[in-house]
Amino acid sequence: MQTIMVDMDDVLTYGNFSKILEDYLGYKPDYKNLKGYYIQDLLGDKKNDFFSKFKDMNMYENAELLPDCYDILKELTKYYNIYICTDYIWREIVEYAGNNLKNKYDFLYTKLDFIEPKNFIFTADKSVINCDIKIDDKIENILGAKTMLLFTAYHNKNLDESELHNQNIIRVNNWKELGNILLKSNR
Ligand SMILES: [Mg+2]
């Protein structure tokens, strides 16, 4: 059986951190101005204040799986070994990242009742995971896999499509598309 590494944030569930950030700011920031991957960089000198409040919040408390995610992932488990791999480190407050680890575990354990917890991987360095297929919204996390699937998110939607094509990276916009790619030879 082939193995698949599936990312959690912005692949299984979307926008939970940005929702908290927008509530804190009181407005929706213009994400187009963001240069990198981390939207907290938009906070400027409010960063410390934000994280002193954020450290006790559970951003998955009301989080839901993306549409079709549950059914497609469940069907995929018939043909693939699925590993959920997620980065839990809060770089600004690493001493509190254990809170995030617990919240992520609880979300995965409750929402994905068909995946055994031994298949949950918590690490910021996904390059050490040797899966055949990797699905993530961050390019660095899928490089090196036999099949590289980039899940569309605000920070990657403007990447040059021919550049992705040259790197053999396939863009997917939702779980239906993922299912069409990964289940087509099995259905
Ligand atoms: Mg992600």
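Counting convention: from 1, in listed order, for ligands and their atoms alike.
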Atom name in Asp137, limited to N/O/S, at shortest distance from the Mg ion (ligand 1):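 Nearest N/O/S atom of Asp137: OD1.
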Main-chain N/O of Lys126 paired to Lys134 side chain as donor or acceptor, under 3.5 Å: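 Looks like yes, one N/O pair under 3.5 Å.
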Partner of Tyr154 by ring pair (Phe, Tyr, Trp, His ring centres under 6.0 Å), out of Tyr14, Tyr31, Tyr38: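 It is Tyr31; the other options fail the test.
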Angular separation of O (Asp9) and OD2 (Asp7) seen from the Mg ion (ligand 1), to 10°: 90°
N, O or S from Asp87 under 2.8 Å to the Mg ion (ligand 1):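 Checking Asp87: none of its N, O or S atoms is under 2.8 Å.
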Pairing of Asp9 and Lys104 as salt bridge, 4.0 angstrom limit: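 Lys104 and Asp9: salt-bridged.
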Side chains of Asp49 and Tyr24, donor plus acceptor under 3.5 Å: yes
